[in-house]
Amino acid sequence: MKSFEAILKECEGLAFDLNFARAKKWKAEDKKRILVGYLPIYVPREIIHAANGLPVGIMGAGDRKQIIKGDAYYQSYICHLPRGIIEMALDKNLDDFDGFMFPAICDCVRNLSGMFKLSKKGKFQRYFDYPQNFDVLIGGTFYIQEMEKILEDMQAVNGVKVTPEAINKAIKLYNTNRRLIEEIYNIRQQYPWRLSAVETYHILRAGITIPVEEHNEMLEQVVEHIQRERGEPMDNIRVVVTGSFCEQPPIGLIKSIEMAGCYIVEDDFMLGSRQIQGDINDNSKNPLEALADAYIHQSTFTSCFYDVENPRGKRLVKLAKERNADGIIFSAASFCDPALLDRPQMQQECDAAGIPHINFQYHENTGQFKVIKEQAGTFSDSIKLWA
Amino acid sequence: MADPKEAIKEKSMVIQKDMLAKQFHDLSKAKELGKKVVYTFVPGNLTELILSFDMLPVYPEINALQSGMRKKSAAYIREAEKMGHSEDVCTYVKCDVGMMLNGNIGPTGEQLPKPDLLLLSYTGCFTFLKWFENLERLYPGVPVAMLHTPYQEDGKITKDQTDYMVKQLNEEVIPKMEKVTGKKFDPAKLSKLMENSAKAEDLLVKILESAKRKPSPIDAYFAGVYYIGPIFTAFRGTESAVEYYTELWSEVQERIKLGLGPVTPEGELKEEKYRLVMEGPPNWTNFREFWKIFYDMGAVIVASTYTKVGGVYDQGFRHDPKNPLESLSRYCMGVYTNLNLPQRVDLIEKYVKEYKADGFLINSIKSCNSFSAGQLMIMRQIEQRTGVPVGFIESDLVDPRYFSYANIKNRLESYFQMLEQRKIILKQEGVAV
């Protein structure tokens with residue numbers, strides 16, 4: 001077993017390798033392997049795995065890359081994520097990728113799919129339309145058709161005809177992945193000092209750039225390590241951070257919240273890896289149906305799903321209670337329509353439930369955290385003193 | 001700045017004004033008239049279906065743009081920001097929310113009725129989803145029918161997509177309309193309305209395509225937004241829409257016969273100096289000042305993409321009374337904001353060439369990522385493919401804080417100088433302009 005520090009260091013390196021060296025090395029080992037990049041939030045990675053592909057999460061350039069060309073493609077009032085991704089594409093960071101998936105999260109990501117088409121990046125560029133109808137026979141059928149398009153795209157590249165067995169095998173692996181991630185969150189709920197939010201972030205983000213088998217091994221070791229005492233409990237409040245599911249907050253921001261006296265016991269940074277709650281049936285004769293069923297019945301709340309039947313504000317409150325959180329931090333990327341348009345309603349639900357909350361906005365390359373630290377610190381103090 | 005004197009209006013504009021006044025009056029009396037009210041969106045709207053149930057539609061974007069034109073939007077937006085909405089998000093949403101919080105008074109000063117049904121036609125704009133989630137909470141208990149329109153990801157409409165939409169219409173939208181109204185769905189009535197739609201659509205295409213002439217008898221953007229009004233909103237499918245477009249077409253024909261240019265708020269444009277294709281919605285808060293910059297310089301918009309957000313009829317689509325639900329589905333999927341970026345570039349390129357435009361201009365709207373994200377790439381593509389000078393200005397739909405008259409005017413004047421220069425060079429090179 002690797003030392004904990006070695007695992008954490010490796011994860012940090014993988015999480016922010018904007019050249020995706022590990023993924024490219026994996027592809028180079030076999031001619032039939034393909035790399036499929038996907039943007040936030042969620043794609044059914046199982047079908048890519050089954051097609052001898054590696055799904056690679058492209059979460060933006062963050063504060064690790066200077067944006068020069070990307071700014072020439074976007075107006076100042078559009079979020080930072082797509083300009084970083086265009087910069088990466090133009091700088092050849094994404095060369096060797098065979099295809100790209102752009103989930104239906106907002107109009108910026110939707111139109112970015114068209115920009116990739118126009119600039120012919122990858123062998124396929126697929127906008128992945130989430131059904132907003134949650135009847136299995138209507139929306140579920142549509143979702144299966146969306147997955148079939150991706151399977152055709154991939155088959156056209158590597159000739160691999162996906163079998164139900166291969167998808168079931170992938171589902172099993174990702175079930176393990178989801179279970180281990182939740183186990184880490186559950187341990188952190190009780191002992192948040194054993195693994196910081198930044199470390200947790202690195203571990204999860206590393207996982208979307210490497211084969212799931214490797215990530216599972218890594219997660220098992222992490223779980224084992226954090227069964228034991230590590231660090232010291234602090235007089236911190238417990239918070240849920242929400243709204244950071246697409247453009248990622250810089251590490252400095254997560255660190256600032258923690259240093260200001262807040263244990264982040266729940267977050268939506270790597271929502272795609274955690275969207276499906278619980279196991280997906282891995283023994284189905286029609287595993288695409290199983291995946292569609294999981295999308296419809298087992299998805300957690302996200303800003304890109306129509307929520308009238310099951311409002312996400314109420315679900316956020318429920319989650320905060322389950323995590324025994326003292327407060328909620330609404331942390332959204334500037335110009336992020338999904339997060340920002342949801343915020344007022346979600347805040348009203350928090351008010352109704354008596355849960356304190358604060359909010360701020362960031363860019364993925366925000367460099368100054370003093371104000372955020374002060375705000376989070378005051379929030380923490382106020383809860384400790386008066387809650 | 002624009003002269004505040006009364007704008008000059010064509011007869012068709014007066015007809016349209018009367019149609020709208022009646023519509024808003026009917027809405028204010030909806031409960032007395034026993035009519036059910038549906039809130040829904042313009043792109044991918046199901047007006048014929050709504051009318052077939054004798055319901056009255058309300059379009060929140062139209063209310064927002066009307067508030068913008070009547071200088072009320074700034075206060076409404078502030079109201080929504082006070083309740084927690086970010087400065088960064090769509091100002092149509094904020095204006096609409098603010099208007100509701102202020103008593104929901106419509107453009108004619110009469111109160112708009114509360115909805116009996118919220119019909120979320122989720123077409124070509126992610127914000128629509130959020131908008132109606134907000135509305136649903138402002139009107140608790142009002143049923144919401146969701147129609148998810150798949151994006152034209154592959155640049156075409158597939159059978160699977162159409163089936164998905166028809167299933168939603170049959171199993172989600174129509175049953176909710178039946179429940180709200182207590183009436184059975186009447187396919188024959190829907191088809192009859194769609195016959196009128198197709199007639200009006202034929203006329204609208206003739207009107208828009210008249211701009212291929214030199215000089216163009218119309219401005220296909222600033223006047224175009226009036227021309228599309230009835231067909232994009234509550235009147236598509238009605239006899240009155242057919243009558244309106246018949247009158248408008250006869251006015252345009254008269255102008256063609258006399259060799260006249262477009263009518264502006266200050267009278268007829270005497271000389272057409274520049275022909276432009278325009279991408280993006282207009283600014284509504286300073287609409288007349290914005291338009292005036294163009295007509296003062298002799299610039300005419302001969303084709304625009306904004307006038308296709310309620311349907312790309314000029315590319316051949318017509319509502320088909322023989323297949324009403326399939327046709328409604330294809331209509332929703334075909335609207336401009338539901339086209340993928342390569343399709344949008346192809347369409348604009350076609351417009352530049354077919355309408356013999358001198359330039360291509362983008363009015364990039366802060367509020368509208370559906371239009372705006374990717375526009376700088378569209379601009380480059382059009383420049384490469386057509387060689388015409390391209391221009392880029394920025395403003396907003398209904399937030400006056402984002403309309404900087406001096407900046408826009410400066411930029412446009414420089415752009416027109418560039419067009420002038422190019423004309424001189426082309427003339428020197430013996431190229432016909």
Side-chain angles (χ1 to χ4, degrees), chain A residues 72-79 82 86 102 104-115 117-119 126-133 135 137-139 141-142 145-146 149 303-309 311-313 332 334-345 347-348 359 361, chain B residues 80 83-86 88-90 93 97 118 120 122 124-127 129-134 136-137 144 146-148 150-151 153-155 158 160-161 163-164 167-168 171-172 337 339-345 364 366-378 380-381 392 394 402:
Chain A
Y73 284 86
Y74 284 102
Q75 301 90 320
S76 57
Y77 50 77
I78 287 177
C79 64
I86 282 284
F102 300 83
I105 168 162
C106 72
D107 295 329
C108 286
V109 170
R110 184 195 71 178
N111 289 2
L112 183 61
S113 71
M115 293 170 77
K117 278 182 200 291
L118 284 167
S119 48
R126 181 66 66 184
Y127 175 71
F128 189 65
D129 215 348
Y130 296 138
Q132 301 293 350
N133 175 295
D135 180 324
L137 295 176
I138 304 174
T141 304
F142 178 76
Q145 287 157 355
E146 286 293 289
K149 284 187 209 165
S303 288
C304 56
F305 294 170
Y306 172 64
D307 84 338
V308 162
E309 301 293 326
R312 63 184 72 84
S334 293
F335 303 108
C336 176
D337 278 352
L340 293 171
L341 283 162
D342 272 348
R343 202 175 63 187
Q345 299 294 337
Q347 287 175 333
Q348 282 170 18
N359 74 79
Q361 289 178 212
Chain B
M83 73 171 273
H85 280 287
S86 167
D88 291 356
V89 302
C90 172
V93 180
V97 168
L118 293 165
L120 170 48
Y122 174 47
C125 168
F126 174 81
T127 299
L129 194 80
K130 303 280 115 191
W131 194 337
F132 263 41
E133 284 172 357
N134 274 277
E136 193 266 344
R137 278 140 210 171
V144 190
M146 152 63 108
L147 178 68
H148 170 213
Y151 185 54
E153 203 276 323
D154 268 335
T158 66
D160 285 347
Q161 290 173 329
D163 289 347
Y164 173 53
K167 269 196 263 178
Q168 291 181 79
E171 293 180 37
E172 163 77 6
T337 43
L339 305 182
N340 72 15
L341 237 55
Q343 286 175 292
R344 283 170 63 182
V345 172
S364 183
K366 173 194 168 276
S367 275
C368 187
N369 289 341
S370 177
F371 261 105
S372 303
Q375 276 178 331
L376 287 158
M377 187 176 251
I378 290 177
R380 287 193 187 104
Q381 291 271 331
F392 196 84
E394 290 178 287
Y402 295 96

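Computed over heavy atoms, backbone and side chain alike; hydrogens, waters and symmetry mates excluded. Chain letters run A, B, ... following the sequence lines, proteins first and then strands; every chain starts at 1. Quick caveat, the model's predicted, so the values are computed rather than measured.
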| message | Over 60° means perpendicular and under 30° means parallel, so tell me whether A:Phe142 and B:His148 are parallel, tilted or perpendicular. | response | perpendicular
| query | Which distance, rounded to the nearest 0.5 Å, do you find between the CD1 of A:Ile78 and the CG of B:Leu376? | reply | 8.0 Å
| said: Are the side chains of A:Asp129 and B:Glu153 in contact, using a 4.5 Å heavy-atom criterion? | reply: no
| query | Using a cut-off of under 4.5 Å for heavy-atom pairs, which of A:Tyr74, A:Phe128, A:Phe102 has the most such pairs with chain B? | reply | A:Tyr74
| request: Examine the side chains of A:Gln361 and B:Asp88 and answer whether a donor and an acceptor come within less than 3.5 Å of each other. | output: yes
| message | Once rounded to the nearest 0.5 Å, what's the spacing between atom NE2 of B:His85 and atom CG of A:Leu340? | response | 10.5 Å
| request: For B:Ser370, enumerate each residue passing the side-chain hydrogen bond (donor to acceptor under 3.5 Å, both in side chains) test, keeping only those at least two apart in sequence or located in another chain. | output: A:Arg110
| field | CE on B:Met377 to OG on A:Ser119, rounded to 0.5 Å | value | 4.0 Å
| Distance (rounded to the nearest 0.5 Å) between B:Thr127 OG1 and A:Asp107 CG | 6.0 Å
| query | Do you know which of A:Ser334, A:Ser113, A:Pro131 has the most heavy-atom pairs with chain B at a distance under 4.5 angstrom? | reply | A:Pro131
| said: Out of A:Cys79, A:Cys106, A:Gly313, return the one with the most heavy atom pairs under 4.5 angstrom to chain B. | reply: A:Cys106
| query | Are any side-chain N or O atoms of A:Asn111 and backbone N or O atoms of B:Gly374, one a donor and one an acceptor, separated by less than 3.5 Å? | reply | no
| field | Selection from B:Gln343, B:Arg344, B:Met83, B:Arg380 maximising heavy-atom pairs under 4.5 Å formed with chain A | value | B:Arg380
| said: I'd like to know which of A:Arg126, A:Lys117, A:Arg343, A:Gln347 tops the heavy-atom pair count under 4.5 Å against chain B. | reply: A:Arg126
| message | So which residue, B:Glu133, B:Glu136, B:Lys167, ends up with the most heavy-atom pairs under 4.5 Å with chain A? | response | B:Glu133
| remark: Of all heavy-atom pairs linking B:Leu120 and A:Tyr306, the shortest is CD2-CE1, 3.5 Å
| task | Counting only heavy atoms closer than 4.5 Å, note whether B:Cys368 contacts chain A via side chain, backbone, both or neither. | result | neither
| remark: Answer key: most heavy-atom pairs under 4.5 Å with chain A among B:Val144, B:Asn340, B:Thr158 is B:Val144
| B:Met146 backbone acceptor or donor facing A:Gln132 side chain under 3.5 Å | no
| note | Output for pair (A:Met115 CE, B:Leu341 CG), nearest 0.5 Å, gives 7.0 Å
| note | Of the listed B:Asp163, B:Val93, B:Asp154, the one with the largest count of heavy-atom pairs under 4.5 Å with chain A is B:Asp154
| note | Turns out that what part of A:Pro82 lies under 4.5 Å from chain B's heavy atoms comes down to neither
| query | Looking at B:Gln161, B:Glu171, B:Glu172, which has the largest count of heavy-atom pairs under 4.5 Å with chain A? | reply | B:Glu171
| message | I'd like to verify something: which residue of A:Asn359, A:Val109, A:Ile105 has the highest number of heavy-atom pairs under 4.5 Å with chain B? | response | A:Ile105
| note | By salt bridge (charged side-chain N to carboxylate O under 4.0 Å, His left out), A:Lys149 pairs with (sequence neighbours left out) A:Glu146
| task | Check whether A:Leu137 gets within reach of chain B through its side chain, its backbone, both or neither, counting any heavy atom under 4.5 Å. | result | backbone
| request: Give, as side chain, backbone, both or neither, the part of A:Ala332 having an atom under 4.5 angstrom from any heavy atom of chain B. | output: neither
| said: I'd like to know whether B:Lys130 forms a side-chain contact (heavy atoms from CB on, under 4.5 Å) with A:Asp337, so could you lay out the CA-CA distance, the side-chain angles of the two residues, the decisive distance to 0.1 Å, and finally the verdict. | reply: CA-CA 9 Å; B:Lys130 303 280 115 191; A:Asp337 278 352; 6.0 Å; no
| Top of B:Tyr122, B:Phe132, B:Phe126 for chain A proximity - count of heavy-atom pairs under 4.5 angstrom | B:Phe126
| message | For the CG atom of B:Asp160 and the OG1 atom of A:Thr141, what is their distance to the nearest 0.5 Å? | response | 9.5 Å
| Can you find a heavy atom in the side chain of B:Tyr164 that is under 4.5 Å from one in the side chain of A:Asn133? | yes
